[in-house]
*Asks:* 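Below: one structure in structure tokens.
Each chain gets a letter, A, B and so on, in the order its sequence line appears, and its residues count up from 1.
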Amino acid sequence: MRLSGRLWPTLRDAPADAEAISHKLMVRAGLVRQLASGLYSFLPFGLRSLERIIRIIREEMDRIGAQELLLPVMHPAEIWEATGRYGLDEQFRLQDRGGRAMVLGMTHEEIITWHAARELRSYRDLPQSWYQFQTKLRDEPRPKSGILRVREFIMKDSYSMDRDVAGLEASYAAHAGAYSRIFDRAGLVWYMVESDVGMMGGMGAHEYMAPSTAGEDTIARSPGGAYAANVELAVSVAGEPDFGDAPAAPEPFDTPGIGTIDELAAFTGLSPRMLAKSVVVVTDDGTPVLALVRGEHTLHEKKLAHVVGRHRPAQPDEIREWFGASPGSLGPVGVEGVRIVADPTIARGHHVTGANRDGVHLRGVVLGRDFQAEVADIREVLEGEGCPVSGEPLILEPVIEIGNIFKLGTKYSGPLGATYLDQEGREQPIVMGSYGIGPARVLAAAIEQGNDEAGIVWPKALAPFDVHMVLVGDAGSPQGEYAERLFTELTGLGLEVLLDDRAGTKPGEKFVEAELLGCPVRVTIGKRTLPDGPLEVQVRRGRERRDVPLDGAAAAIRELWDSL
RNA sequence: CGGGACGUGGCGCAGUCUGGUAGCGCACCGGCUUUGGGUGCCGGGGGUCGGCGGUUCGAAUCCGCCCGUCCCGACCA
């Protein structure tokens, strides 16, 4: 492509409200523009990169035998009512002129299953995998970080339909293989981690995560790769303090004015590991719950929700009514009418807890002897705690979720009546899986992972162009004519080339903008180039010069590009 | 939804406290200059100061309401 006359608006300064590096660079490099909160337009060069990742995804989906189709963005509400997902907070809802309730699709499990229910009848029709690239709309409570969390975005979503769980496992594994090839080809650093099934429901799930400080999720992983999981469900081996012998019964002692774990640790001279933290919440049905974790730990709301369901923090007056004391002096001993959930770390040894009398704590409290509790993992993993598989110290790392895979089972096929007849003529529900990738998030993650002070450093596979030619000189000059020839030759060798042939743009500006855009290879043609060469070539990563002789220049550039 | 901040030409900002009719850099247009790292000089065009209402002789500036955008938290298929 010749640049003159094309839309490529670059910015010297990033918009003031851009925070994430990828956000700043995507706007500055003329890839995207914001229309409104969480709504971004892709400009031509941004679209080129988006199409490149989409192409990679499509190739790998086709390779595992998935079939591409395209489903509507707007759906009748009844289908969502059938699965109980109508009315979710993030769902855009509207009415057509006849007053019929419609929704804008947040995802397409319902619609795929609706079609599967009509088209798939026999075990001979299974398995199947269908996928699409389609816009999703979600009324996010808080769009952020440029393109990373938006209200409208394209997703590659695919769905597998199998006869049974064994078939689902095979489809799931096929997708996992495709995803690993996709993210490798995209040039990302990425992890596959165990993830929460969330509201998708089902039998198991993994997420694909690209490490980045701009990420909204955190994973725990062991350095050797033995284990990796979203902290929402990550487990760890917590260190054990030297408890010493527990007293025969809990011993009360005065702790005037002590309200926090830190204060209690300082006051008693004990490690926070010897202390139990009491957190009170109320479930949606009004049941008070006392959650116990060790002093150094933080309660993980999502993990607790798996045990007690949806809940909210208790109010101070509620706490006083149930415990007879204020936060800071609460504990599990002698409490009635309160559901008690303790982290496994509390089940070992003995701990200091509140005595449910202001200003008094108990030492030597033993679970099972002094109080009863449900034991469940409800704490956040701490960096450095032991990997549950290898025992190595766990690493906590912020990540961008770039894809996910879910074993849905019959969660959708059941309510929507997607069944088939097996070999014995019995009706069976189709066993499904669903698999997503956010192409734009892949781009943002690539930029988060590949940038320097000059701008974007694209992975080869995702750059808008393979080669960025900077012409210093007029179109009709010898340099201009040579640039045209080289452009044609490089294109003929299968490279996608941008020729900056703009008149009236200063060389310095062209160089700066080329580095901002970040294509893997830059070639400069100017007075120094002709007639003897060499041809100045810069590799964007590291901004390293790799000049090549004029003779055979195109082939040499192609070779250089291949070697990157 | 809770907390915080911001809104002045395309982008980045000053001016607001202390009211007097809008300014700077970049970008854009014209001329000259320059021609390998956002060139230099000269001359231009472009802004109902987010909106509505109020106070005032007079409002970007003070007051009220609303809208928008971002950040932290909550939430997040």
Side-chain angles (χ1 to χ4, degrees), chain A residues 9-20 23-24 27-28 30 33-39 80 83-85 88-91 105-110 112 136-146 148-151 153 155 157 159 195-202 205-207 214-217 230 232 281 301-302 305 310-313 400-401 403-408 411-412 433-438 441 454-455 470-474 477 479-480 500 502-516 522-530 535-536 538 543 545:
Chain A
T10 61
L11 257 37
R12 198 182 286 243
D13 302 305
D17 51 21
E19 194 80 9
H23 184 193
K24 291 179 182 173
V27 174
R28 284 190 58 211
R33 286 293 183 264
Q34 183 178 23
L35 174 66
S37 179
L39 299 175
W80 288 79
T83 57
R85 297 212 295 178
L88 295 178
D89 286 344
E90 290 172 39
Q91 189 172 54
M106 324 170 69
T107 178
H108 283 82
E109 278 80 11
E110 277 78 358
I112 273 284
K136 311 294 184 203
L137 293 128
R138 299 180 184 181
D139 197 358
E140 288 287 344
R142 190 176 158 213
K144 60 176 290 200
S145 303
L148 280 176
R149 180 154 220 90
V150 289
R151 295 193 290 177
F153 60 98
M155 178 186 275
D157 47 321
Y159 306 89
S195 77
D196 192 9
V197 293
M199 291 189 65
M200 293 294 296
H206 290 84
E207 287 165 326
E216 298 182 273
D217 288 298
N230 194 311
E232 291 175 1
V281 302
E301 302 288 340
K302 258 194 179 156
R310 284 183 21 156
H311 59 274
R312 60 167 175 84
I400 297 167
E401 182 186 353
N404 54 44
I405 55 180
F406 290 94
K407 294 174 192 169
L408 297 176
K411 180 177 162 77
Y412 296 90
S434 105
Y435 316 87
I437 293 180
R441 276 194 175 180
V470 172
L471 169 60
V472 181
D474 296 328
S477 67
Q479 298 85 259
D500 189 348
R502 290 174 298 177
T505 303
K506 294 293 161 285
E509 199 172 341
K510 290 188 178 183
F511 294 134
V512 168
E513 289 186 344
E515 284 167 9
L516 178 59
R522 189 187 77 194
V523 177
T524 305
I525 296 101
K527 279 187 175 159
R528 295 179 195 168
T529 315
L530 301 175
L535 194 59
E536 184 189 321
Q538 186 210 52
R543 289 199 274 179
R545 269 183 76 160

*Asks:* Tell me the partner of B/rC41, counting only Watson-Crick (N1-N3 plus N6-O4 or O6-N4) or G-U wobble (N1-O2 and O6-N3) with both under 3.5 Å; none if nothing fits.
*Replies:* B/rG31
*Asks:* Would you please confirm or rule out a distance under 4.0 Å between OP1 or OP2 of B/rA74 and any side-chain N or O of A/Arg142?
*Replies:* no
*Asks:* With sugar-phosphate meaning primed atoms plus P, OP1 and OP2, does A/Thr524 contact a base, only sugar-phosphate, or nothing at under 4.0 Å between heavy atoms?
*Replies:* base
*Asks:* Give me the distance, rounded to whole Å, that separates B/rG64 from B/rC57 when you measure between the C1' atoms they each carry.
*Replies:* 23 Å
*Asks:* Distance criterion of 3.5 Å, no angle test: do you see the side chain of A/Arg522 paired donor-to-acceptor with the base of B/rG37?
*Replies:* yes
*Asks:* Write down the distance between NZ (A/Lys24) and P (B/rC11), rounded to a whole number of angstrom.
*Replies:* 17 Å
*Asks:* Mapping A/Val512 and A/Leu35 onto RNA chain B by nearest heavy atom, which one lands closer to the 5' end?
*Replies:* A/Val512
*Asks:* Side chain of A/Pro15 only, heavy atoms from C-beta on: which candidate in B/rG73, B/rG38, B/rG12 is closest?
*Replies:* B/rG12
*Asks:* Determine which nucleotide pairs with B/rC62, using a 3.5 Å limit on both distances of a Watson-Crick or G-U wobble pair.
*Replies:* B/rG54
*Asks:* Classify the nucleic acid contact of A/Pro313 as base, sugar-phosphate or nothing, counting any heavy atom under 4.0 Å across all strands shown.
*Replies:* nothing
*Asks:* Base, sugar-phosphate, or nothing for A/Ala36, non-hydrogen atoms under 4.0 angstrom?
*Replies:* sugar-phosphate
*Asks:* Rounded to the nearest 0.5 Å, what separates atom CD1 in A/Ile405 from atom NE2 in A/His206?
*Replies:* 6.5 Å
*Asks:* Find the partner of B/rU48: check Watson-Crick (N1-N3 plus N6-O4 or O6-N4) and G-U wobble (N1-O2, O6-N3) distances, both under 3.5 Å, and reply none if neither fits.
*Replies:* none
*Asks:* Name the nucleic acid region contacted by A/Arg28, choosing base, sugar-phosphate or nothing; use a 4.0 angstrom heavy-atom cut-off, strictly under.
*Replies:* base
*Asks:* Considering every strand and a 4.0 Å limit on heavy-atom distances, what is the contact class for A/Glu216: base, sugar-phosphate, or nothing?
*Replies:* nothing
*Asks:* So, does A/Asp157 use its side chain to make a donor-acceptor pair with the main chain of A/Tyr159 at under 3.5 Å?
*Replies:* no
*Asks:* Between B/rG46 and B/rC28, how many Å separate the two C1' atoms, rounded to a whole number?
*Replies:* 9 Å
*Asks:* If we take the C1' atom in both B/rG53 and B/rC42, what is their distance in whole Å?
*Replies:* 46 Å
*Asks:* If we take the P atom in both B/rC11 and B/rG3, what is their distance in whole Å?
*Replies:* 30 Å
*Asks:* Let's test your reading of the model: under 3.5 Å, does the base of B/rG37 pair with the side chain of A/Glu515 as donor and acceptor?
*Replies:* yes
*Asks:* Suppose you measure atom C1' in B/rA60 against the same atom in B/rG50; what distance do you get, rounded to whole Å?
*Replies:* 12 Å
*Asks:* Would you check if A/Arg142 and A/Arg149 make a side-chain contact, meaning some heavy-atom pair closer than 4.5 Å?
*Replies:* no
*Asks:* What is the distance, to the nearest angstrom, from the CZ atom on A/Phe153 to the C1' atom on B/rA77?
*Replies:* 9 Å
*Asks:* Taking the C1' atom in each of B/rC26 and B/rA14, what is the distance between them to the nearest angstrom?
*Replies:* 15 Å
*Asks:* Atom CD of A/Glu19 and atom P of B/rG12: how far apart are they, to the nearest Å?
*Replies:* 14 Å
*Asks:* Starting from the 5' end of RNA chain B, give me the residue, A/Gly508 or A/Lys302, whose nearest nucleotide shows up first.
*Replies:* A/Gly508
*Asks:* Paired with B/rC24 by Watson-Crick or G-U wobble geometry, both distances under 3.5 Å: which nucleotide is it?
*Replies:* B/rG12
*Asks:* Is there a donor-acceptor pair closer than 3.5 Å between any side-chain N or O of A/Arg441 and the backbone N or O of A/Leu148?
*Replies:* yes
*Asks:* Taking N and O atoms by type only, does the side chain of A/Arg149 place a donor or acceptor under 3.5 Å from a partner on the base of B/rC76?
*Replies:* yes
*Asks:* Quick one: look up who B/rA5 pairs with, Watson-Crick or G-U, both distances under 3.5 Å, and put none if it's unpaired.
*Replies:* B/rU69
*Asks:* Side chain of A/Ser145: nearest nucleotide among B/rC11, B/rC71, B/rU69?
*Replies:* B/rC71
*Asks:* Any carboxylate oxygen within less than 4.0 angstrom of a Lys/Arg side-chain nitrogen, looking at A/Glu509 and A/Arg502?
*Replies:* no
*Asks:* Keeping the roles fixed (side chain from A/Arg28, backbone from A/Leu11), state whether a donor-acceptor pair exists under 3.5 Å.
*Replies:* yes
*Asks:* Taking only the P atom of each, what is the distance from B/rU39 to B/rG2 in whole angstrom?
*Replies:* 49 Å
*Asks:* Which of the following nucleotides, B/rA77, B/rG25, B/rG38, is nearest to the side chain of A/Asp13?
*Replies:* B/rG25
*Asks:* Can you tell if the side chain of A/Arg33 reaches within under 4.5 Å of the side chain of A/Val27, non-hydrogen atoms only?
*Replies:* yes
*Asks:* Pick base, sugar-phosphate or nothing for A/Ala14, based on heavy-atom distances below 4.0 Å to the nucleic acid.
*Replies:* sugar-phosphate
*Asks:* When we call it a touch if two heavy atoms are under 4.0 Å apart, what does A/Thr529 touch: a base, just sugar-phosphate, or nothing?
*Replies:* base
*Asks:* Contact class for A/Lys144 vs. all strands (heavy atom < 4.0 Å): base, sugar-phosphate, or nothing?
*Replies:* sugar-phosphate
*Asks:* Does A/Arg85 pair with A/Glu109 as a salt bridge, N-O distance under 4.0 Å?
*Replies:* yes
*Asks:* Compare the minimum distances between each of B/rA77, B/rC11, B/rU69 and the side chain of A/Ser37, then state the nucleotide with the smallest one.
*Replies:* B/rU69
*Asks:* Just how far, in rounded Å, is C1' of B/rC1 from CG of A/Leu88?
*Replies:* 17 Å
*Asks:* Please report the distance, rounded to the nearest Å, between CZ in A/Arg502 and P in B/rG38.
*Replies:* 14 Å
*Asks:* Rounded to whole Å, please give me the gap between CD in A/Glu301 and P in B/rA74.
*Replies:* 8 Å
*Asks:* Given the rule in the side-chain hydrogen bond (donor to acceptor under 3.5 Å, both in side chains) test, do A/Lys144 and A/His23 qualify, once you have shown the distances and angles that lead to the verdict?
*Replies:* CA-CA 9 Å; A/Lys144 60 176 290 200; A/His23 184 193; over 6 Å; no
*Asks:* Roughly how many Å apart are B/rU56 and B/rU16, using the P atom of each and rounding to a whole number?
*Replies:* 24 Å
*Asks:* Just to confirm, is there a sub-4.0 Å distance from OP1 or OP2 of B/rC70 to any side-chain nitrogen or oxygen of A/Gln34?
*Replies:* yes
*Asks:* Report the distance from atom CE of A/Met106 to atom C1' of B/rC75, rounded to the nearest whole Å.
*Replies:* 12 Å
*Asks:* Look at the side chain of A/Lys506 and decide which nucleotide, out of B/rA77, B/rG38, B/rU34, has an atom nearest to it.
*Replies:* B/rU34
*Asks:* Could you tell me the separation between the CZ atom of A/Arg312 and the C1' atom of B/rG73, rounded to a whole number of Å?
*Replies:* 19 Å
*Asks:* Taking the minimum atom-to-atom distance to the side chain of A/Gln538, which one of B/rG37, B/rG38, B/rC11 wins?
*Replies:* B/rG37
*Asks:* Would you indicate which nucleotide in B/rU69, B/rA74, B/rG38 comes nearest to any side-chain atom of A/Pro141?
*Replies:* B/rA74
